[in-house]
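Worksheet: the structure to be examined is printed underneath.
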Protein chains: 2
Amino acid sequence: MTSSRSGARTGAAGLAALASLVADETRAGFLLALLDGRAWTAGELARHAGVAPSTTSEHLGKLVAGGLLAEDRQGRHRYVRLADARVAQLVEDLAAQVSPAATMKPRTLREAGAGSAMARGRTCYDHLAGRLGIAVTDALTGLGLLRQDTGFALTDEGVGWFEETGIPLIRTGRRPLARACLDWTERRPHLAGIAGAALCHHALTANWCVRIGSERAVKVTETGEQALSRLLGIQSETLR
Amino acid sequence: MTSSRSGARTGAAGLAALASLVADETRAGFLLALLDGRAWTAGELARHAGVAPSTTSEHLGKLVAGGLLAEDRQGRHRYVRLADARVAQLVEDLAAQVSPAATMKPRTLREAGAGSAMARGRTCYDHLAGRLGIAVTDALTGLGLLRQDTGFALTDEGVGWFEETGIPLIRTGRRPLARACLDWTERRPHLAGIAGAALCHHALTANWCVRIGSERAVKVTETGEQALSRLLGIQSETLR
DNA sequence: TGAAAGCTTCGGCGGTGGCCGAAGTGTGGG
DNA sequence: CCCACACTTCGGCCACCGCCGAAGCTTTCA
């Protein structure tokens, strides 16, 4: 096999270009922040990362041009968000690959507090993660609504459960109904995909849980504890 | 929310470091080449990429240190391969994200020939891809052995089919039995995971298909056509 | 209509990193 | 025993890229 500059290289060049977008610490920080699924302004990201607005502007330009971010210009603000669920999954997968190496050890008490809140429950782009996400996934599996032993898919009973519970599953494009997302803190898969997003959306609108501060962490409410116990048999203690 | 250099940054730094490994065109080329699932020597990779052996050595050092590659020293040779199925999946996912942009248009006749052989059938790390991979996946789905509508998982009948056909499914660690891998050329998911690997392994050892040249492309044999037709009802024409 | 806020563009600086060739190390073959 | 071969280490070159501050543009608010 000879050098083959043109053929194989085009793929390699594209792959390298994509990875380059993530290969900068500041941009990586942006992507992780945006994993909360919401739109941030350029200024918020700049302050979050601790770099100058001009620097942020250049970074965002690259990320948008590379198709990783979508932008919304509103007045003097530039809102950016992850382009789609696919990009979110990519960032999650990369982050999951990293975390084993960077054994997360909180350095300060403040981080320990924030860390354990994140470990209890958080959003992962558009679905639930942390102990909350795992608890829900395990409960669904235990009730025979989700199969994890032969892959990762809802059962027919599972689809029925979503309907009966009043959580509509709207199939869009090619996005899978159920997908496994490797949990950062728990090191186990939790429910993502359309069903994961629908469940998370319902949990937030039905006040099962609320966001804490401006981060990705969420807290289960009294209402939520009752609903999760009644619908899925989840013990309240598991969530604390 | 203030800058938070230490907390959020540790994650971002690790993410950036991982992406940096892929962010170089030469290293990306190595990873794509190694997607054939076999071990290459440093010299082979150097010639493949068209760079000096010394440059290759440095690149391999980084990739091994970063945990993306595993190495086997044998005499004066240094064999490297993708570290595990997880790394392979990561590279696949990244590559799949790229291909839409780089609308693959073969430039020369030679590439067109090689490209269509790859499009017909190839290995994707340790499982089958291309039209062959899609055909198998579709056949399994059509026979009710695989579910794709509610996620991606074998059915109980599917597990039975593997047993009856004499393709053992050996569960190892946390690797899923069935997993979707987005096909490069077909833009649709094909079967990966333990079942995908077992099927590919069986296909190669039972002489259902053979590797073409030193690339990832494979060709279905006469024996293979009969077996695929008998066991899964796949029309031979589909594979050409 | 002025002033402030959010973002962008530009020029310049400095660090990082990929590349090579030359020299060095260790293995295998004649 | 010596040579050929595969790989590694080292030094130096060069290009790229992230960073900032200054200046400019547009929007918003008083």
Side-chain angles (χ1 to χ4, degrees), chain A residues 1 3 5 9 12-34 38-66 68-81, chain B residues 1 3 5 8-9 12-34 39-66 68-81:
Chain A
M1 176 81 18
S3 67
R5 275 268 162 191
R9 276 299 167 132
L15 181 55
L18 172 60
S20 295
L21 292 175
V22 191
D24 175 81
E25 189 170 334
T26 302
R27 286 195 295 267
F30 288 176
L31 294 172
L32 288 179
L34 290 165
R38 291 178 291 183
W40 292 49
T41 67
E44 286 170 338
L45 287 172
R47 283 188 296 277
H48 179 75
V51 294
S54 55
T55 305
T56 300
S57 180
E58 290 171 357
H59 283 314
L60 293 183
K62 294 185 183 183
L63 289 170
V64 170
L68 294 188
L69 299 188
E71 65 182 351
D72 251 330
R73 308 253 178 178
Q74 285 182 20
R76 55 183 169 184
H77 292 284
R78 178 193 205 177
Y79 286 96
V80 293
R81 57 181 196 282
Chain B
M1 165 160 358
S3 68
R5 272 267 164 194
R9 275 298 168 135
L15 181 54
L18 172 61
S20 296
L21 293 175
V22 192
D24 175 81
E25 189 171 332
T26 302
R27 285 196 296 267
F30 288 176
L31 293 172
L32 288 179
L34 290 165
W40 292 50
T41 67
E44 287 170 337
L45 287 172
R47 283 187 296 277
H48 179 76
V51 295
S54 56
T55 305
T56 301
S57 181
E58 289 171 358
H59 283 313
L60 293 183
K62 292 184 183 182
L63 289 170
V64 170
L68 294 188
L69 299 189
E71 65 182 349
D72 250 331
R73 307 253 178 179
Q74 285 181 20
R76 55 184 168 183
H77 292 283
R78 179 192 204 178
Y79 286 96
V80 292
R81 57 182 196 281

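We use all heavy atoms of the structure for the numbers below, so side chains are in, but hydrogens, waters and symmetry mates are not. In what follows, chains are A, B, ... by sequence order, proteins preceding strands, each numbered from 1. Here the structure is a predicted model, which is why all the values come from computation and not from measurement.
- In the set D/dT8, D/dC19, D/dC20, D/dT8 carries the atom at the smallest distance from any side-chain atom of B/S54.
- Here the P atom of nucleotide C/dC7 and the CG atom of A/L69 are 14 Å apart, to the nearest Å.
- For the pair B/L60 and B/E71, the minimum side-chain heavy-atom distance is 4.5 Å or more.
- How far CG of B/L34 is from CG of B/L45: 5.5 Å, rounded to the nearest 0.5 Å.
- Summarising the geometry of A/G66 relative to A/L21, their closest heavy-atom pair is CA-CD1, 3.8 Å, with the distance given to 0.1 Å.
- OP1 or OP2 of D/dC20 sits under 4.0 Å from a side-chain N or O of A/T55.
- The stretch residues 56-66 of chain A comes close to DNA chain D through A/E58, A/H59, A/K62, each having a heavy atom under 4.0 Å from the strand.
- Listed by chain and number, the residues in a side chain to side chain contact (heavy atoms under 4.5 Å, CB included) with A/A17 amount to none (sequence neighbours excluded).
- With rounding to whole Å, A/L45 atom CG is found 14 Å from C/dG6 atom P.
- The stretch residues 70-80 of chain B touches DNA chain D through B/R73, B/R76, B/H77, B/R78, each having a heavy atom within less than 4.0 Å of the strand.
- Counting heavy atoms from C-beta on, the side chains of B/S20 and B/K62 never come closer than 4.5 Å.
- Here the closest non-hydrogen pair linking A/A12 and B/L32 is N-CD1, 3.6 Å.
- One cannot find a donor-acceptor pair under 3.5 Å joining the base of D/dG18 and the side-chain atoms of A/T26.
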